[in-house]
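Okay, handing you the structure first.
Side chains are part of it too, since the values below use all heavy atoms of this structure and drop only hydrogens, waters and symmetry mates. A quick note: this is a predicted structure, and the numbers were derived from the prediction, not measured. We count residues from 1, following the sequence as given.
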Amino acid sequence: MRITGFDYQRVPVADGVAVNVAVAGTGSPIVLLHGFPETHFMWRHVAADLAADHTVLCPDLRGYGESDKPADTGETYSKRSMAADIVAVAKAFGHDRFALAGHDRGALVALRAGLDHPDKVSHLAILDVLPTLDMWDVLHGTSAAVGFHLYLMAQPPGLPEQLIGAAPDAFFGHFLDAWTQHGDAIPADVRAAYLEASRNAVPSIVADYRASAGIDVEHDQADRAAGNRLTMPLTVLQQDWGAALGYDAVALWQAWAAALDHRTVKAGHFMAEESPAEVVKALRDLLTRSESF
């Protein structure tokens, strides 16, 4: 599916890897990264609003949607590699510095871009995730059942792909249903498109998650040990996972960010589709914040 009013291009980002990018608007650039189990189309409402006065870029992450799905070599789906893709996308459209917002898996890519490329990312927005290192730390006991898919896809290659591939619509559809508070936010045709895209990307989606149980943790640990923090204005929008899982969400994010605006939302996980006006307001508020603090 395509966002009305947006043009589409395939952009080479690495050797043998090109990503599908929707682009529209003029003005200061903002890149929007989708989550699981969706595509760039999840941003359709937010992107259309922002394109009134910004250049908006909405790529499918590598391994998702209509972007290439290279075989995993161990680092292929690290958030570091995927963040480098985003820098390459922005550069291809003439932007050496840009604002960046990500949801779910895309938020982890955005976070890594902010840590690895602080000279490129002017403003950063994170929707409904924790940094990978913290995510694993807060999952414990029976409450960790909400993240069963994280443990499944962390397993060595073979079993997760076989299990998910045997019933992909049931697997991916579970999250579209369970994580949405307002079912009409993802209409039947959109849901079907997300399921088809995910069904066609099982190995690469699993590789993306498997990286977050390995190499992504190593990268986060190295940043924490070095005292690296996000230096740009940061807005975090989250459901009240802290209350649900027993942690202080603001404190976790303050350890990573020098300039944090943390907001708890009432929408479900797919907040850009369930509450687009709230997300647009948060992003516009973020974009007005000074880069110097």
For a salt bridge (charged side-chain N to carboxylate O under 4.0 Å, His left out) check, start with the C-alpha distance between R112 and D220, then their side-chain angles and the critical distance, and finish with the verdict. CA-CA 9 Å; R112 177 46 54 191; D220 278 9; 2.9 Å; yes

Is any side-chain heavy atom of L287 less than 4.5 Å from a side-chain heavy atom of H54?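 Side chain of L287 against side chain of H54, heavy atoms only: contact under 4.5 Å found.
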
Please test L139 against L150 for side chain to side chain contact (heavy atoms under 4.5 Å, CB included), starting from the C-alpha separation and ending with a verdict. CA-CA 10 Å; L139 292 173; L150 301 171; 3.6 Å; yes

Can you name the nearest heavy-atom pair linking V202 to G165, along with the distance?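 Result for this residue pair: CG1-N, 4.3 Å.
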
A101 versus L283, closest heavy-atom pair with distance: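 It is CB-CD2, 3.9 Å.
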
From Y8, F6, Y194, Y64, residue fulfilling ring pair (Phe, Tyr, Trp, His ring centres under 6.0 Å) relative to H40: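 It is Y8, the one option of Y8, F6, Y194, Y64 that forms the ring pair (Phe, Tyr, Trp, His ring centres under 6.0 Å) with H40.
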
Kindly say whether S204 contributes a backbone atom to a donor-acceptor pair with the side chain of D208 at under 3.5 angstrom?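 Side chain of D208 to backbone of S204, a donor-acceptor pair under 3.5 Å: no, none is there.
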
Which heavy atom in A99 sits nearest to a heavy atom in S122, and how many Å separate them?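 For A99 versus S122, the nearest heavy atoms are N-OG, 3.5 Å.
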
If we only count heavy atoms from C-beta on, is the R289 to D261 side-chain gap below 4.5 Å?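 Yes; the side chains approach each other to less than 4.5 Å.
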
N/O donor-acceptor pair under 3.5 Å between T55 side chain and G27 backbone: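 Between the backbone of G27 and the side chain of T55 there is a qualifying donor-acceptor contact (under 3.5 Å).
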
Are any side-chain N or O atoms of E196 and backbone N or O atoms of A193, one a donor and one an acceptor, separated by less than 3.5 Å?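 The answer is no, because no donor-acceptor pair under 3.5 Å joins these two groups.
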
Could you check whether any side-chain heavy atom of Y77 comes within less than 4.5 Å of a side-chain heavy atom of I215, counting everything from C-beta outward?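 Not in contact.
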
Go through the side-chain N and O atoms of W256 and D134 and say whether any donor and acceptor fall under 3.5 Å apart.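 Note: W256 and D134 side chains meet the donor-acceptor criterion.
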
Does any non-hydrogen side-chain atom of L111 lie less than 4.5 Å from one of P131?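 When only atoms from C-beta onward are counted, L111 and P131 do touch, with a gap below 4.5 Å.
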
Any chance you could measure L234, atom CG, to L260, atom CG, to the nearest 0.5 Å?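 One gets 5.5 Å once the value is rounded to the nearest 0.5 Å.
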
Output yes when a side-chain donor or acceptor of E161 lies under 3.5 Å from a complementary backbone atom of P157, and no otherwise.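 Here the side-chain-to-backbone pair does not exist.
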
Could you check whether the rings of F148 and F175 sit parallel, tilted or perpendicular, using 30° and 60° as the cut-offs?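 Ring orientation of F148 relative to F175: parallel.
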
What are the two closest non-hydrogen atoms of V206 and P160, and how far apart are they?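 Shortest heavy-atom contact: CG1-CB, 4.0 Å.
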
Short side-chain to backbone donor-acceptor contact, D60 and E66, under 3.5 Å: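 A pair under 3.5 Å: yes.
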
Say whether, by atom type as modelled, one donor and one acceptor occur between the side chain of D72 and the main chain of G74 under 3.5 angstrom.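 Yes; at least one donor-acceptor contact below 3.5 Å.
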
Minimum heavy-atom distance between A107 and I126, given as atom pair plus value: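 That would be O-CD1, 3.3 Å.
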
Between D137 and Y247, is the side chain to side chain contact (heavy atoms under 4.5 Å, CB included) condition met? List the steps. CA-CA 10 Å; D137 286 346; Y247 65 87; over 6 Å; no

How many angstroms lie between atom CG of D216 and atom CE of M135, to the nearest 0.5 angstrom?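 If I round to the nearest 0.5 Å, the distance is 8.5 Å.
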
Just checking Q181: does its CD atom have more than 12 heavy atoms from other residues, nucleotides or ligands closer to it than 6.0 angstrom?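 Yes.
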
Could you check whether any side-chain heavy atom of L130 comes within less than 4.5 Å of a side-chain heavy atom of V138, counting everything from C-beta outward?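 Side-chain contact under 4.5 Å: yes.
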
Can V46 be reached from L286 by stepping across I, L, V, M, F, W or Y side chains whose heavy atoms are under 4.5 Å apart?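 No, because L286 and V46 fall into different hydrophobic clusters, even though each may have its own neighbours under 4.5 Å.
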
If you measure from CZ on R44 to CG on D49, what distance do you get to the nearest 0.5 Å?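 If I round to the nearest 0.5 Å, the distance is 14.5 Å.
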
Of all residues at least two apart in sequence or in a different chain, which pass the ring-ring contact (aromatic ring centres under 6.0 Å, His included) check with F172?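 F172: ring-ring contact (aromatic ring centres under 6.0 Å, His included) contacts with F36.
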
State the CG-CG distance between N20 and L61, to the nearest 0.5 angstrom.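 So the gap between those two atoms works out to 11.0 Å.
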
First locate atom CG of L127, then atom CZ of R263, and finally report the distance between them rounded to the nearest 0.5 Å.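 Atom-to-atom, L127:CG and R263:CZ are 11.0 Å apart.
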
Rounded to the nearest 0.5 Å, what separation is found between the CD1 atom of I86 and the CG atom of L57?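 One gets 9.5 Å once the value is rounded to the nearest 0.5 Å.
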
Hey, mind stepping through D104 and D128 against side chain to side chain contact (heavy atoms under 4.5 Å, CB included) and telling me if it holds? CA-CA 6 Å; D104 189 83; D128 219 34; over 6 Å; no

So which atom in A92 and which in V11 form the shortest heavy-atom distance, rounded to 0.1 Å?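 Of all heavy-atom pairs spanning A92 and V11, the closest is CB-CG1, 3.6 Å.
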
Any donor-acceptor N or O pair under 3.5 Å, side chains Q238, H262: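 Their side chains do contain a donor-acceptor pair, which is all the 3.5 Å distance test asks for.
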
Would T76 and R62 count as a side chain to side chain contact (heavy atoms under 4.5 Å, CB included) if you check the C-alpha gap in whole Å, the side-chain angles of each, and the deciding distance to 0.1 Å? CA-CA 9 Å; T76 307; R62 72 160 63 186; 3.5 Å; yes

After noting the C-alpha distance and the side-chain angles of R80 and D116, does the key distance pass the salt bridge (charged side-chain N to carboxylate O under 4.0 Å, His left out) rule? CA-CA 8 Å; R80 175 158 289 162; D116 285 0; 2.7 Å; yes

Donor-acceptor pair, distance only, cut-off 3.5 Å: does the side chain of E274 make one with the backbone of H182?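 Pair found, side chain donor or acceptor close to backbone of H182.
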
Using 30° and 60° as the class limits, which term best fits the ring planes of W179 and F270: parallel, tilted or perpendicular?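 Rings of W179 and F270: tilted, as their planes differ by 30° to 60°.
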
Side chain of S275, backbone of A272: donor and acceptor closer than 3.5 Å?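 No; judged by distance alone, with no hydrogens or angles, the pair does not exist.
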
Given D119 and R97, is the salt bridge (charged side-chain N to carboxylate O under 4.0 Å, His left out) satisfied, shown in steps? CA-CA 7 Å; D119 59 323; R97 192 162 172 81; over 6 Å; no

Side chains of V129 and R105: does their closest heavy-atom pair fall under 4.5 Å?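 Result no, sub-4.5 Å side-chain heavy-atom pair not found.
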
Are any of the side-chain heavy atoms of I205 and R210 separated by less than 4.5 Å?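 A side-chain contact is absent here, since even the closest heavy-atom pair is not under 4.5 Å.
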
Do NZ/NE/NH1/NH2 and the carboxylate oxygens of D177 and R191 come within less than 4.0 Å?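 Salt bridge flag = yes for R191 with D177.
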
Residue pair H269 / H103, side-chain heavy-atom distance below 4.5 Å: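 A side-chain contact under 4.5 Å exists here.
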
G183 backbone acceptor or donor facing T180 side chain under 3.5 Å: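 Judged by distance alone, no pair lies under 3.5 Å.
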
Scan side-chain atoms only and decide if S67 and R10 contain a donor-acceptor pair under the 3.5 Å cut-off.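 Short answer, no.
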
